[in-house]
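Let me begin by presenting the structure, written as structure tokens, before commenting on it.
Note that this is a predicted model, so its numbers are computed, not measured. Reminder, nothing fancy here: chain letters follow the sequence lines and each chain counts from 1.
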Amino acid sequence: MPTKYLLDEERIIRFVAWGKLRKDEDDNVLGVLPDAFALRDGEQSLSVTWCEYFAGAADEQLRCAVEAIRGSMKVSTKSRFAVGEVVRVRACAEGRPNARRLRIVHDPQVNNAAHASLINWPKDDWQLLELLAESEWSQLLTGTDADLLPVTACPAGPRSE
Amino acid sequence: MNALALFNQSRTITDLRQAGAQQGTGGPASRSLTDIFEAIRTSQRVTKPAGMARKLSTLSGEADLEIALKGSRTSFKVLVSRVSMHLGVSWLEKLFAQIDSLLDVDEWDASDPVPNTETARTFIRLLLAMKVSRRPGLGVSNSGNIVAAWTAGPNRLTVECLPNDRVRWVLARVTDGETERAAGDGKIERLREILGPYTPAVWFEYAD
């Protein structure tokens, strides 16, 4: 199967656990910590879910991507989903000194057909990760927010083929 | 109530102070807490290996994680309590609540290593060295290190607490409409000097 690259105008979602959320001293969520976007030991690429894999309107695709994450891992009540645009994430990552060209590819998994991988993701650039967390990949959805999005059967869309 | 019972239960500062009084430790509250937690620490050192190893061998998955997180919460609180005289009881109670929240098994990402005492020790030394009035928000890195985050609008300071009093930090500071960014790593003592030009009071003190 040929490699399918995500387009600049498409969106990706990353699950953010409670421990990776930026909070104030009273545990109010303010955003995301840099480590929400950091590779773990042994990881070669950053895992995300591709919204436009699914058919439908933008909100429907977003809901389907959240459901795909929910179906593939434990999603706790205080966690969030960080939504990013490919073009902004790419510009941020590739704008760093000595950056490599980012490859964002569809990489379906058994439990998440909409899974995508960010290849050549920097291993240890906390300043980049903080920049993403602060601005370029900072739109957060709560579980409740996601539940308010329209529900569909989540059929695969034309881009998935 | 003995020290081992305290180790096995999540307690508020008030509970711990009362327990200290029952043990006849007397003295100021902070002194009592120190004594109590020293006893807990000793007890933990003696009883943990055999008992904990047996438990871990017979349980799996979430149960193991719950035990590990409980141990981490307790160790963290013990360390914090040893410097309680510098922090104040109210401050400490709120910090304990943050620790409980961060290390809650229901919210914990099983991919993350459970924080050990080394990162907790660095975190506490960071609080003391920076002379913070304002508690940070708490998080955890992929390596299982405590992450302390201070946020004042667009001014953000994030510090990962590594073993041996080392920290990794990143900041964004807005001055005259310009955002300055910096990042680095090193010993806690150096961080204080490095943050100086950024007027760290914006993070560490409450606005008037």
Side-chain angles (χ1 to χ4, degrees), chain A residues 14-47 69 72-82 92 95-97 121-136 138 140 142-143, chain B residues 61-62 65 69 91 94-95 97-115 132-160 168-172 174 179 181-185 203-204 206:
Chain A
R14 178 144 170 100
F15 169 75
V16 184
W18 175 241
K20 301 289 188 299
L21 289 169
R22 188 177 200 92
K23 290 155 253 173
D24 68 11
E25 63 269 39
D26 296 316
D27 269 353
N28 298 304
V29 175
L30 304 175
V32 182
L33 290 170
D35 261 57
F37 304 117
L39 296 179
R40 295 180 184 282
D41 281 348
E43 282 186 332
Q44 300 299 314
S45 59
L46 192 74
S47 284
I69 294 171
S72 65
M73 63 193 304
K74 173 191 162 189
V75 173
S76 59
T77 55
K78 293 182 187 171
S79 58
R80 299 285 195 273
F81 304 94
C92 197
R96 299 288 297 158
W121 193 248
K123 281 204 180 303
D124 202 22
D125 185 349
W126 233 33
Q127 209 162 359
L128 164 66
L129 304 184
E130 168 63 6
L131 199 55
L132 290 166
E134 177 192 317
S135 57
E136 302 305 321
S138 59
L140 286 183
T142 65
Chain B
E62 190 138 331
L65 179 62
L69 286 169
W91 214 91
K94 289 173 180 168
L95 186 58
Q98 287 178 273
I99 294 167
D100 285 337
S101 168
L102 178 68
L103 303 175
D104 176 0
V105 70
D106 291 334
E107 293 294 335
W108 191 258
D109 183 344
S111 309
D112 287 329
V114 173
V132 306
S133 300
R134 188 161 165 246
R135 295 187 319 282
L138 297 187
V140 66
S141 73
N142 286 347
S143 306
N145 295 318
I146 299 295
V147 175
W150 285 272
T151 314
N155 302 301
R156 298 155 63 100
L157 172 65
T158 310
V159 183
E160 179 181 5
R168 180 165 70 141
W169 53 271
V170 60
L171 66 82
V174 178
T179 303
R181 300 179 190 282
D185 60 79
W203 296 299
F204 299 149
Y206 287 100

Can a salt bridge be assigned to the pair A:D24 and B:R135 using a cut-off of 4.0 Å between side-chain N and carboxylate O?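 No.
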Rounded distance (nearest 0.5 Å) linking atom [atom1] of [X] with atom [atom2] of [Y]:
X	Y	atom1	atom2	result
A:W126	B:W169	CH2	CH2	11.0 Å
B:T151	A:R22	OG1	CZ	3.5 Å
B:S111	A:K74	OG	NZ	10.0 Å
A:K78	B:D106	NZ	CG	9.0 Å

What I want to check is whether the side chains of A:S79 and B:E107 have a donor and an acceptor closer together than 3.5 Å. no
Pair B:S143, A:R40: side-chain N/O donor-acceptor within cut-off below 3.5 Å: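 No pair is found: no donor N or O on one side chain lies under 3.5 Å from an acceptor on the other.
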What part of [X] lies closer than 4.5 angstrom to a heavy atom of chain B: side chain, backbone, both or neither?
X	value
A:S135	neither
A:D41	neither
A:L129	neither
A:V16	neither

Distance-minimising heavy-atom pair for B:A182 and A:Q127: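 Scanning both residues, the minimum pair turns out to be N-NE2, 3.6 Å.
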Can you say whether B:V147 sits under 4.5 Å from chain A via the side chain, the backbone, both, or neither, judging by heavy atoms? side chain
Pairs of heavy atoms under 4.5 Å with chain B: top-ranked of A:L33, A:D35, A:D27: A:D35
Look only at the side chain of A:K23 and the backbone of B:L138, and say whether a donor-acceptor pair between them is shorter than 3.5 Å.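 Looks like yes, one N/O pair under 3.5 Å.
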Can you check side-chain contact (heavy atoms from CB on, under 4.5 Å) on B:W108 and A:S76, steps first, answer last? CA-CA 8 Å; B:W108 191 258; A:S76 59; over 6 Å; no
